[in-house]
Amino acid sequence: MVNVTEDVFATGAVNPFTKKQEDIKRFTLTNGSGMSVQLISRGAIITSIKTPDSRGQVDDVTLGFDDLAGYQSERNPYFGATIGRVCNRIGGGRFELDGKVVEVSRNRDNKFQLHGGFVGFDKAHWQVTSVRQDGVTLSHTNPDGHEGYPGTVTATASFTLSEDNCLHVRMTAESDKPTPVNLTNHSYFNLAGHKAGANGLYEHTIEINAYGITETDKDSIPTGKITPVEGTSFDLRVPSNLGERLKELQPARGYDDNFCVTFSPPQPLAKVAKATHPPTGRWLEVVSNQPGVQFYTSNFMPDVERGETPIPGKDGAQYAKHGAFCLETQKFPDSVNHSNFPTTILRPGESYSHEVIYKFGVCR
């Protein structure tokens with residue numbers, strides 16, 4: 001039976017929208033199979049996922065921080081956060097919508113927008129709308145004009161844990177004006193344990209059910225071209241050792257690419273990816289209704305070999321380059337500037353609905 005408990009993660013946190021001081025709530029979802037998930041109301045962030053390995057040893061397999069200061073730090077690379085109003089990149093921080101040019105904030109080198117701008121959904125204090133037997137639903141109302149976006153958007157993020165070790169995340173949104181919406185969850189996973197670092201990551205195998213990737217420029221902005229994965233280092237349709245694949249990619253730092261997911265109509269959900277850590281037996285399968293997934297191998301976390309200082313994480317962890325992977329289900333990046341990509345424009349009367357299931361298990 002799944003159980004949900006609530007406590008206070010932090011007090012006196014300043015809401016970036018209202019400037020009022022508020023408590024940040026934490027919810028712990030626990031099932032009878034040894035799995036637990038923790039999330040907080042700031043940023044609708046998943047702060048912890050604990051799951052057993054093949055010997056029954058439970059470990060936390062997501063990166064995060066012990067306290068609010070960690071999540072507020074400029075060194076936080078969006079650990080576990082719900083990202084919006086538009087995840088990933090908007091080239092030049094501008095796009096055309098219904099014949100008008102919209103300029104949004106450019107929070108990366110004043111060149112483009114990343115993950116919703118300076119104060120994205122990841123920094124909002126989400127309201128608790130329901131606490132259920134098996135999960136929690138949070139909501140955030142994003143005001144008209146915020147970060148340059150038209151329309152007031154009301155978003156929800158629902159987190160549900162099942163007895164068979166599935167974390168179901170459902171993100172919805174509605175708007176009173178046409179506006180782009182593309183949400184994702186930015187959890188960083190390491191199935192060897194969140195402290196296992198690059199050596200643990202290199203032991204993983206990865207499989208991604210994709211026919212192509214969206215080609216990008218040096219700033220990771222899509223060109224509009226979709227490149228087939230066949231015969232390339234991006235063909236991960238057959239499980240492959242991640243350490244070996246990262247070596248093949250050199251001199252590139254690693255994977256940070258939107259993979260175009262293969263669907264089998266009329267099925268609304270597709271198996272997006274599966275990661276396995278053979279030494280512990282843990283595996284993670286990702287299923288979603290979204291057409292893309294950003295596979296990211298933490299290339300821009302600190303490179304300790306170059307003398308950079310690791311990010312201090314929870315339980316004394318030291319997070320560094322290649323210390324985790326992300327599988328961010330999404331519509332394609334910069335879709336607002338490419339008519340051949342699945343549209344991210346949400347209009348009044350329409351409902352945005354994003355489902356993703358993270359299923360954990362062990363190899364028997």
Side-chain angles (χ1 to χ4, degrees), residues 6-29 37-49 60 62-88 105 107-108 113-131 135-143 146-147 149 153-160 167 169-173 181-189 194 294 296 301 311 313-314 319 324 326-330 352 354 356 358:
E6 177 183 340
D7 67 345
V8 174
F9 181 73
T11 59
V14 177
N15 185 316
F17 293 89
T18 66
K19 308 305 180 188
K20 293 179 180 176
Q21 290 195 346
E22 298 170 347
D23 288 351
I24 301 300
K25 296 177 180 177
R26 175 171 55 188
F27 297 90
T28 303
L29 287 50
V37 176
Q38 288 188 315
L39 55 109
I40 59 174
S41 56
R42 186 210 195 246
I45 291 170
I46 296 171
T47 59
S48 167
I49 298 178
D60 195 338
T62 54
L63 278 56
F65 298 103
D66 285 321
D67 55 25
L68 183 62
Y71 288 104
Q72 291 174 331
S73 164
E74 290 189 1
R75 302 194 71 198
N76 172 21
Y78 302 95
F79 284 154
T82 299
I83 305 293
R85 178 176 304 197
V86 175
C87 67
N88 218 302
S105 59
N107 62 316
R108 274 296 181 269
Q113 187 181 93
L114 178 69
H115 293 332
F118 294 98
V119 181
F121 285 18
D122 60 295
K123 296 175 180 67
H125 292 188
W126 291 57
Q127 303 302 307
V128 180
T129 55
S130 72
V131 180
V136 179
T137 301
L138 306 175
S139 70
H140 167 57
T141 300
N142 197 243
H146 184 67
E147 298 291 334
Y149 288 104
V153 167
T154 302
T156 70
S158 173
F159 302 86
T160 306
L167 174 60
V169 180
R170 181 160 188 249
M171 293 167 272
T172 70
V181 171
N182 192 11
L183 309 183
T184 195
N185 181 271
H186 209 316
S187 287
Y188 285 69
F189 299 101
H194 75 105
Q294 191 82 8
Y296 174 53
M301 288 216 292
I311 299 169
K314 59 190 173 186
Y319 300 137
C326 303
L327 289 163
E328 305 158 61
T329 53
Q330 61 185 2
Y352 168 89
H354 179 155
V356 56
Y358 305 98

Gln127 and Ser139: side-chain donor and acceptor closer than 3.5 Å?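 Per modelled atom types, Gln127 and Ser139 side chains form no pair under 3.5 Å.
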Thr172 versus Thr156, side-chain donor and acceptor atoms under 3.5 Å: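 Indeed, the side chains of Thr156 and Thr172 share at least one donor-acceptor pair under 3.5 Å.
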Please examine the side chains of [Y] and [X], heavy atoms only from C-beta on, and report whether any two atoms are closer than 4.5 Å.
X      : Y      : result
Ile83  : Glu328 : no
Val356 : Asn185 : no
Leu183 : Tyr352 : yes
Arg108 : Gln113 : no
Ile311 : Pro77  : yes

Donor-acceptor pair, distance only, cut-off 3.5 Å: does the side chain of [X] make one with the backbone of [Y]?
X      : Y      : answer
Thr184 : Thr329 : yes
Asp7   : Phe27  : no
Lys314 : His194 : no
Thr160 : Gly135 : no
Thr62  : Ile49  : yes
Asn107 : Leu114 : yes
Glu147 : Val119 : yes

If I compare all heavy atoms of [X] with all of [Y], which pair ends up nearest, and what's the gap?
X      : Y      : result
Asp60  : Ser48  : OD2-OG, 3.1 Å
Thr82  : Ala157 : OG1-CB, 4.4 Å
Thr28  : Gln38  : OG1-NE2, 2.9 Å
Asp122 : Ile45  : O-CD1, 4.2 Å
Gln330 : Asn88  : OE1-ND2, 3.2 Å
Phe121 : Ala155 : CE2-CB, 3.9 Å

Tell me if the centroids of the rings in Phe79 and Tyr319 come within less than 6.0 Å of each other.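 Aromatic pair counts; centres sit under 6.0 Å.
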With a 6.0 Å cut-off on ring centres, are His140 and Phe17 close enough?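 Between His140 and Phe17, the centre distance is under 6.0 Å.
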Can you label the angle between the Tyr358 ring and the Phe189 ring as parallel, tilted or perpendicular, going by 30° and 60°?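 Judged by the thresholds at 30° and 60°, the geometry between Tyr358 and Phe189 is tilted.
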Relative to the ring of Tyr296, is the ring of His186 parallel (under 30°), tilted (30 to 60°) or perpendicular (over 60°)?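 The arrangement is perpendicular - the two ring planes meet at more than 60°.
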May I have the step-by-step check of side-chain contact (heavy atoms from CB on, under 4.5 Å) for Glu6 and Val136, ending in yes or no? CA-CA 10 Å; Glu6 177 183 340; Val136 179; over 6 Å; no
